[in-house]
Amino acid sequence: MAFFESLQRGLKKTRESFKEQVNFLLDRGPELNDDFWDDLLEVLILSDLGADVAEKIVEELRYDATAKGLPHTYAVLDELDKRIAAQFSAPEVDIFNLPKACVLFVGINGTGKTTTVGKLAKEAKDAGKSVILGSADTFRAAAIEQLEVWAERADVKIISGKRGADPASVCYSTLEAADELGSDLVLIDTAGRLHTSDDLMRELEKVVNVVRKRANMDVYTILVIDAITGQNGLTQAEKFNQALNLDGLIITKLDGTAKAGIAVQISSKLNLPIYKIGVGEGIDDLKDFKADEFAKALIGSFDDRFNE
């Protein structure tokens with residue numbers, strides 16, 4: 001229950017924005033007519049779910065209304081969270097709980113990659129795993145120092161290079177150290193880069209390729225997205241996925257936006273699972289993603305005033 005309450009708090013802005021739009025729709029009465037379905041589609045699109053996902057959800061709900069004999073608009077909305085949850089791509093494995101894994105974190109500047117890596121390191125160490133960090137963000141001021149603070153806090157080893165060093169060589173050294181130490185989990189922080197820069201994306205491809213060739217364990221590439229970016233987050237994800245063949249997503253800063261619906265759109269459109277979500281700044285505010293609880297916290301509940 002504590003998890004769901006934390007999620008509800010984190011998604012408060014999105015939920016309030018969504019319910020404000022739905023209230024206008026419900027004021028028209030309980031009848032399931034074409035106007036209701038058109039308005040519901042518009043509400044979902046405006047909630048950053050995207051046209052394709054919104055159309056799919058409305059189509060499924062219209063089928064439910066007939067197949068289940070749903071009597072009114074509130075009965076339909078009671079099914080909405082299930083339909084939203086069904087749009088997320090489910091992960092094939094829990095990469096952070098495999099016997100051995102190397103995870104690279106990519107994304108643009110300011111998404112919270114370094115903090116996310118640090119929180120994951122502490123979580124894994126507290127769970128009894130042997131963890132090593134690689135600080136391959138050799139360009140941003142204080143990035144290495146920031147990750148070193150997290151490494152100390154989590155009591156894990158960190159491999160870093162000098163400012164401006166080749167990030168691929170830092171990754172290589174991290175994997176060598178992981179082999180020597182028998183590490184269970186390797187977490188590598190990479191430099192933030194704009195998805196619109198072909199040169200920077202090619203450099204990142206090189207880093208990922210070096211890691212995949214050198215690692216003696218499965219390698220996963222995770223994109224960290226700041227939910228505040230809204231629709232731009234989808235563009236980021238498309239570009240990074242095209243270049244790197246991503247394995248999944250972590251979405252941060254959901255507590256600071258009314259655009260949390262973008263998580264549904266990105267996961268569904270790119271068929272990428274969401275592994276973690278950030279719903280606050282605290283060390284315990286990085287949560288395992290659970291589609292059903294996310295959907296419930298996203299839309300809230302509705303007064304079943306027309307219950308028959």
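FYI, side chains are in, hydrogens and waters are out, and symmetry mates aren't considered; it's all heavy atoms of this structure.
- Thr190 and Asp137 are not linked by any side-chain donor-acceptor pair at a separation below 3.5 angstrom, with hydrogens and angles left out of the test.
- Sorted by first and then second residue, the pairs that involve residues 246-258 and meet salt bridge (charged side-chain N to carboxylate O under 4.0 Å, His left out), not counting sequence neighbours, are Asp226-Lys253.
- Within the 4.5 Å cutoff, side-chain heavy atoms of Phe240 are placed close to those of Leu204.
- Residues satisfying the side-chain contact (heavy atoms from CB on, under 4.5 Å) test with Glu238, not counting sequence neighbours, are Leu234, Lys269, Leu270.
- The side-chain hydrogen bond (donor to acceptor under 3.5 Å, both in side chains) test applied to Arg83 returns Asp64, not counting sequence neighbours.
- Between Gln87 and Glu60, the side chains place a donor N or O and an acceptor N or O closer than 3.5 Å (distance only, hydrogens not considered).
- Between Phe289 and Phe294, the ring centre distance stays below 6.0 Å.
- Thr252 places a side-chain N or O within donor-acceptor distance of the main-chain N or O of Thr111, the cut-off being under 3.5 Å.
- Residues Trp37 and Asp39 fail the side-chain proximity criterion, which asks for heavy atoms closer than 4.5 Å.
- A search for side-chain contact (heavy atoms from CB on, under 4.5 Å) contacts involving Asn33 returns Glu31, Asp35, Phe36, not counting sequence neighbours.
- Side-chain atoms of Gln146 and Ser135 form no donor-acceptor pair, as typed in the model, at a separation below 3.5 Å.
- When side chains are defined from C-beta on, Leu254 counts as touching Ile251, because their heavy atoms get closer than 4.5 Å.
- Every residue was checked against the side-chain hydrogen bond (donor to acceptor under 3.5 Å, both in side chains) condition with Ser160, not counting sequence neighbours, and none meets it.
- Qualifying side-chain hydrogen bond (donor to acceptor under 3.5 Å, both in side chains) partners for Arg62, counting only residues two or more places apart in sequence or in other chains: Asp34.
- The salt bridge (charged side-chain N to carboxylate O under 4.0 Å, His left out) analysis of residues 164-186, with sequence neighbours excluded, yields the pairs Asp166-Lys206, Asp179-Arg214.
- Scanning all heavy atoms of the two residues, the minimum distance from Lys68 to Glu79 falls at NZ-OE1, 3.1 Å.
- Grouping Ile, Leu, Val, Met, Phe, Trp and Tyr residues whose side-chain heavy atoms lie under 4.5 Å apart, directly or via other members, places Tyr172 in a hydrophobic cluster with Val210.
- Annotation: side-chain contact (heavy atoms from CB on, under 4.5 Å) contacts of Thr14 (sequence neighbours excluded): Ala260, Leu298.
- Legend: residues meeting ring-ring contact (aromatic ring centres under 6.0 Å, His included) with Phe96, ordered by chain and number and at least two apart, are absent.
- Side-chain contact, Asp48 with Gln265: no donor N or O sits under 3.5 Å from an acceptor N or O.
- Listed by chain and number, the residues in a side-chain hydrogen bond (donor to acceptor under 3.5 Å, both in side chains) with Ser268 amount to none (sequence neighbours excluded).
- With sequence neighbours excluded, the residues satisfying side-chain contact (heavy atoms from CB on, under 4.5 Å) with Ala154 are Ala121, Lys122, Val156.
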